[in-house]
Peer 1: 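This is the structure I have questions about; it appears just below.
Sequence lines set the chain letters: A, B, ... in the order given, protein chains first and strands last, and positions in each chain run from 1.
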Amino acid sequence: MLVMRGIVKQFPGVRALDGVDLDVEAGEVHCLLGQNGAGKSTLIKVLAGVHQPDEGTIEFNGAQIRASSPIDAIRLGFATIYQELDLVEGLSVAENIFLGHEHARAGWMNRGAANRAAAEVLTRLGHPEIRPKAEVGRLSPAAKQVVSMARALSHDARLIIMDEPSAALAHDEVANLFRIIRELTAQGVAVVYISHRLEEIREIGDRVTVLKDGRTVAVGLPARDTPTSEIVSLMTGRTVEYVFPPRATGSPGDEVLRVEHLTSPGAFADVSFEVRAGEIVGLAGLVGSGRSEIMEAVYGARRATGRVVLDGETLRRGDVVKTVRKGMGLAPEERKAQALLLDQSVTANITLGSLPGFATFGWIDRARERAEARRLVEMLDIRPPDPERPIKTLSGGNQQKAVLARWLLGGRKLLLLDEPTRGVDVGARAELYAVIRGLAEQGIGVLLVSSEVPEVLGLSDRVLVLREGTVIHQGDARELDEHDVLDMIMNGRAA
Amino acid sequence: MSKPAAISPRNRLAGLGEARHLGLVVALVLLAVVGLVTKFDNFATTSNIVSILTLAATIGVITVGATFVIIGGGIDLSVGAVMALASVWATTLATQSYGPWVMMICAVLVGTGAGLVNGLLIAYGRLVPFIATLAMLVAARGLAQRMSDRKTQLIQTDNSAIVDLSTTRLLGIPLLVYIFALVVVLGWVVLNRTTFGRRTYAVGGNPEAARLAGINIRRHTMLLYALSGFCCGIAAILIMARTTTGSSTHGDLYELDAIAAVIIGGTLLTGGRGTIIGSILGLLIFTLITNLFILNGLNTSDQLIAKGLIIVVAVLLQRRNLKERAP
Amino acid sequence: MSKPAAISPRNRLAGLGEARHLGLVVALVLLAVVGLVTKFDNFATTSNIVSILTLAATIGVITVGATFVIIGGGIDLSVGAVMALASVWATTLATQSYGPWVMMICAVLVGTGAGLVNGLLIAYGRLVPFIATLAMLVAARGLAQRMSDRKTQLIQTDNSAIVDLSTTRLLGIPLLVYIFALVVVLGWVVLNRTTFGRRTYAVGGNPEAARLAGINIRRHTMLLYALSGFCCGIAAILIMARTTTGSSTHGDLYELDAIAAVIIGGTLLTGGRGTIIGSILGLLIFTLITNLFILNGLNTSDQLIAKGLIIVVAVLLQRRNLKERAP
Amino acid sequence: TSNEPAAAPSSAAASNPAPAPSGNDQPGTKVVIGFSAPAADHGWIAAIAKNAEAAAKQFSDVEFKPVEPTNDINQQISAVESLISAKVNALVILPNDGQQLNQVALEATAAGIPVINLDRIFPDKLAYRTWIGGDNYGMGVAAGHYIGKQLKDKGVANPVIVEIQGIATLPLTQDRSKGFADALKSYGFSVTAKQDAKFTVETGNSVAASLLQAHKKIDALWNHDDDQGVGVLAAIKEAGRSEFLMVGGAGSLNAMKEIQSGTSVLKATVTYSPTMASSAIKLARLIAQGKGMSDLVENQVPQSITLASETITKENVEKYLPLGFES
Ligand SMILES: Nc1ncnc2c1ncn2[C@@H]1O[C@H](COP(=O)(O)OP(=O)(O)OP(=O)(O)O)[C@@H](O)[C@H]1O
Ligand SMILES: Nc1ncnc2c1ncn2[C@@H]1O[C@H](COP(=O)(O)OP(=O)(O)OP(=O)(O)O)[C@@H](O)[C@H]1O
Ligand SMILES: [Mg+2]
Ligand SMILES: [Mg+2]
């Protein structure tokens, strides 16, 4: 159905695509795999008319096509869910879903029809609770992702492209998404699916194309039968053990963080726990269970009642500046909106949280700054390894690494990591796990949120299970398995 | 950043009653109370209220266009100058010889044309809106001066139909107030009930998302500036009616007033959010302040100081109100 | 949007030679060529160049402050009015009785104070910068008028040390040009080599990210406006030196000129990006245009038209240049 | 009014010498006089406002009702409308532009309110009862004659004569320039270059600075306005030029002192006295009370009164000093 041949796309200083081939057949789920920065997003943007390829041909149903703008691609029947949430915050859910193809006659909107149709699509996606009239800017990241999907489904598309749709979704949401994908493929719609979660590929995918450094390294591998080790070595060019680093053997150190009766009406209530030096504490829960809010409240970035004690000192609520100075760091969930200075270099982004450490009387020692940034870029294998590049030209996963790098500087006592591996590829993930564990071994306390239960269980020493804003279980991670946690999360039963 | 729902439809229908406009309404009411207390006989008269609306009409029409441009993520500094140019072009002897209708059409065409040039420069020439419209401001004023030879051009008696817009009254209200009202209503309808309006929010709020959704953001941007120019053309007709002249000095600093009204009305300068009703309330606050000053005969320096304070208080009122509603 | 690295150090060091400034430099050179061709004897003289720099000095100092504010994601409309207020305050008889040093300190304190009020209203009162500084504009002009009783206040002969700043020359260049240069260099250093400057980019580029990275964005925002006010205070000293007066009419519409210079210099109105060098180049283009017009005896209307066109061409040049370099 | 107790300006007091024993100044029926003028951001206009108020204060039978001065036509129309609806007994109007306010003056006359047109004239004689104002053309003529004669006496052939105008779009500026050119023509001279400033010190300063660059040798310079003249003189001093003679306009105290000193390039100024405002108030009172001018035979106030423009030089400056207004 879709044949792409020899696609080349050049950005200033980077050859993002260097002759990529892709074949997609009607009714199949075609998975695109590759490390961060391999060119997956760029490839699908070429397909969606966002970027113009420098070389190469695209054929659709036997005819040569050229999508010179997103409009052309939409007309051809391509619908796309982009990696970065691209919604208009000021518009309603329904308006976002039908943006560009509104229910309208001669420019006059039929809002009733739009709202009904939106409700229908949302129900189909398993989210009847998202009101079509709600303002998108006020939805949680997960709900926004659902709206993005609804938008793609609202087109009568013959090819749907999904760039890491599951990154912001939790377990049950993903199941929902897969149900929809199966419905679509049964109708002969083709799906191009990008994800860094191999188990998802196994479950939903038909065939796999692997990209590495802007080139196709494998075409049409069977998604279910290809051994993991083969896929990983194709992606990374080496073999990576997809395992978590061993936990610390010694007993954890002194208490770094104590949270008492933290409450924020509407988000979470009466949350108490502590984190010790060298300990990784994971927060597990459904999307919307208030994990991010707890982190923000601990960090002082959100109003809440209760007590937060860092290293024996009670923190003034709502004072992020003081909190950071006392040695806490937060890698937030929405990196584009909450963490990145897109126009600035990787260096400037990395050192933002510890500028005073590089300055005497406000004067920045730029040589030292650059050296530190370079060290971290190398340590986390941020690609391309040029600390002076504007960070917006990096791929999503590499940007995430830079955000983590920010808090590896400046002698932190406690790190709050909200979905630290979102959009990070398999190889880099293992490296990140090692880095996080390494931090803990240096005596830093880590509080971790991840929507992937295996990740929380595998990486943490201790786990807090949240449901609707309350802690329903606290305990050693080794005593739980995925099934227990899911059970608690879904049914509210403590194990 | 506690921002209120910009588009929840229930809110939109409620209009004046909306939370985010409540502060402005309160400020307006307070000003009215001050007016009643200080100058009861003069303030509460129909003729004074009509006079306030008449005063607001010219800038009001421009403010409607400016609201579109700003919601669409742009800015138009050229509004006053374009209005002046349109008024001058429409009152040249050559144009006047064709009668009042042609003059009005001329004003609207000149306005729209200048807006279109802005739009082309910004959307296709990719100039920053601030610079493109600043250049237009400067050039349009220059052209207006050149055309009029820096003289004020009177509307001739044959064409007094235009002046009638300001002197003829229907139910005691001059026609130009009706025109103002019509433009506001049309603006509201287009912004809230048509694809053009909703796309304006998208183009201003997240241009990349709008583009990915298949909206031709360049064409849309161009149309926004043309619309603003069109409003300047209408405003030119109103100012001609009111002053019986066309002049290169008309509309001096209107750009600041219009933008200030839009911003005080809750539209973000960064685009993507805002309402016509807010802009008009903002404008009425400014006009009411001026009117009160006129009635009370304050001296200019004190007026300016008071005006500064009132602006701050009005906005603080609005903010406080918002905060309570959307913590 | 293909724009080059904003802070790559290699680029920054290169300064004038940078790709994104090349367009401006080309525009400046073209203007200079026009000057040489049309008025060789008058244009290329030292005294004319000094005169251009002197004219640029006052607004130039203000532009440095405005660049900080705009990179920090704000806007300051009050600059001209604050300068006027500072000049008036410093030239009241009471202040003058303490001698020139006190006058200068007074000007700087008044400017900084007004900037601080702006900053407090914006950072802690959470007013939109546009509105807060517009209110300050209005109020500061009013206060200046009240203080001066709308009279032009001459600097008395005892205090002619201030006037000497404009009449005393070092190597043929008046002292006030050195002050201008000093402010530019200091501004550049602070913006590019200190944590304050780095934070300014962060606060303007992504305030939420800056906040979560532990930057006190409110305090920083406040300081940015205080800095802008401080620059206005310095500018007040320069304008007093040049005109030998303090007056409430000084600095009329400086806000537009300063913002235009900053924007034409490549700083984004949305913040997070920009350079001091660009702003100063932008300002020099404007000053040069005016100088050329007057040397050639163009009348104002034609000047305005030409100015509009030149602005558009200069920016197009700059854009084209960027595009070629970074496709 | 709520105005601060005006420190009665010396100029106004001086211009209103002890009441003539004519009986005209005896208290009569109580009258309300409305007053509207442009915004007092200029020494001359400020003096107009102050003189009017001071003149009104002298009479126990006059209630003075000034409205917000403004430079916006639209607002001045509203202001006058508010005075009409307040049913004042007489109106003194100094319009921003006579043509543009003609309509509203007609309305006032139609409402039975006599309009005393101050300075800038309404084109329609039906629009006002009496006009009193300066002679702009005559002012240019006076300056032209002074300069013409001086240069002729020195025997300069082909002199370089430079003119710095006020706001170019005002008809008064165009009249002044025409008078100047006409008078020079009678000596066989013509204006070499002219540029317009904006009646402020600062604009006078920058325009002069550039003009001095454009003309390395100047024989005579006429500056239309003594307010901006302060800036012009500062620029001349800064450039260290003294080869020419300069003539001012309006007759400010400061200009007179410069003339008196004898060391300045400023050798003369041609008057355009703001005392006309005092006279206008007096005329308004007489008209409202149905009285005539007691020194004239007629029973009614004349329809128009043109003040002569006088030339102040070192020789006669003593006589004029008490009439000079503080700019
Ligand atoms: N607009 C751009 N300008 C410059 N370089 C870019 C741009 N967009 C992408 N790149 C570069 O192109 C390469 C491919 O990026 P892409 O986003 O396609 O990776 P990806 O495979 O989607 O990675 P991830 O899994 O992290 O999302 C990267 O090196 C990236 O830095
Ligand atoms: N700005 C906001 N305004 C209103 N409600 C909000 C806002 N932000 C979050 N919420 C609500 O708070 C609840 C928790 O939000 P959120 O989805 O961030 O939780 P979470 O556990 O961190 O999930 P995630 O896995 O997405 O991080 C949700 O019901 C969400 O709708
Ligand atoms: Mg990607
Ligand atoms: Mg979350």
Peer 1: Nearest 0.5 Å, what's the CD1-CG distance between A/I81 and B/L212?
Peer 2: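 With rounding to 0.5 Å, CD1 (A/I81) is 13.0 Å from CG (B/L212).
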Peer 1: Would you indicate whether B/F230, at its atom CZ, is surrounded by more than 12 heavy atoms from other residues, nucleotides or ligands within a distance under 6.0 Å?
Peer 2: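 Not buried by this count: 12 neighbours or fewer within 6.0 Å.
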Peer 1: Going through the distances and angles, do B/N206 and A/D86 end up as a side-chain contact (heavy atoms from CB on, under 4.5 Å)?
Peer 2: CA-CA 8 Å; B/N206 191 341; A/D86 272 315; 4.0 Å; yes
Peer 1: Can you see which heavy atom on B/Y201 is nearest to which on A/V88, and at what distance?
Peer 2: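 Heavy-atom minimum between the residues: O-CG1, 3.9 Å.
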Peer 1: Rounded to the nearest 0.5 Å, what separation is found between the CD atom of A/E102 and the OG1 atom of B/T194?
Peer 2: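 Answer for the CD-OG1 pair, A/E102 versus B/T194, is 9.0 Å.
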Peer 1: Which region of B/V189, side chain (C-beta onward) or backbone (N, CA, C, O), has a non-hydrogen atom less than 4.5 Å from a non-hydrogen atom of chain A, or is it both or neither?
Peer 2: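 The side chain, not the backbone.
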Peer 1: Enter the distance from A/N110:CG to B/T195:OG1 here, rounded to the nearest 0.5 Å.
Peer 2: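 It is 12.5 Å, given to the nearest 0.5 Å.
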Peer 1: What distance do A/R111 atom CZ and B/R198 atom CZ have between them, rounded to the nearest 0.5 Å?
Peer 2: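 One gets 7.5 Å once the value is rounded to the nearest 0.5 Å.
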Peer 1: Any donor and acceptor pair, going by atom type alone, linking the side chain of B/R199 with main-chain N or O of A/G100 inside 3.5 Å?
Peer 2: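 Checking the backbone N and O of A/G100 against the side chain of B/R199, a donor-acceptor pair under 3.5 Å is found.
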Peer 1: Check each atom of A/I74 against the heavy atoms of chain B and say whether the ones under 4.5 Å are side chain, backbone, both or neither.
Peer 2: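 Only the side chain of A/I74 comes within 4.5 Å of chain B.
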Peer 1: Let me confirm one number: the CD1-CG distance from A/I71 to B/N216, rounded to the nearest 0.5 Å.
Peer 2: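 A/I71 atom CD1 to B/N216 atom CG measures 5.0 Å (nearest 0.5 Å).
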Peer 1: Any side-chain heavy atom of A/V50 sitting closer than 4.5 Å to one from B/R211?
Peer 2: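 Yes, their side chains come closer than 4.5 Å.
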Peer 1: Quick one: of B/G205, B/A202, B/G197, who has the most non-hydrogen atom pairs under 4.5 Å with chain A?
Peer 2: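 With the most close heavy-atom pairs to chain A, the winner is B/A202.
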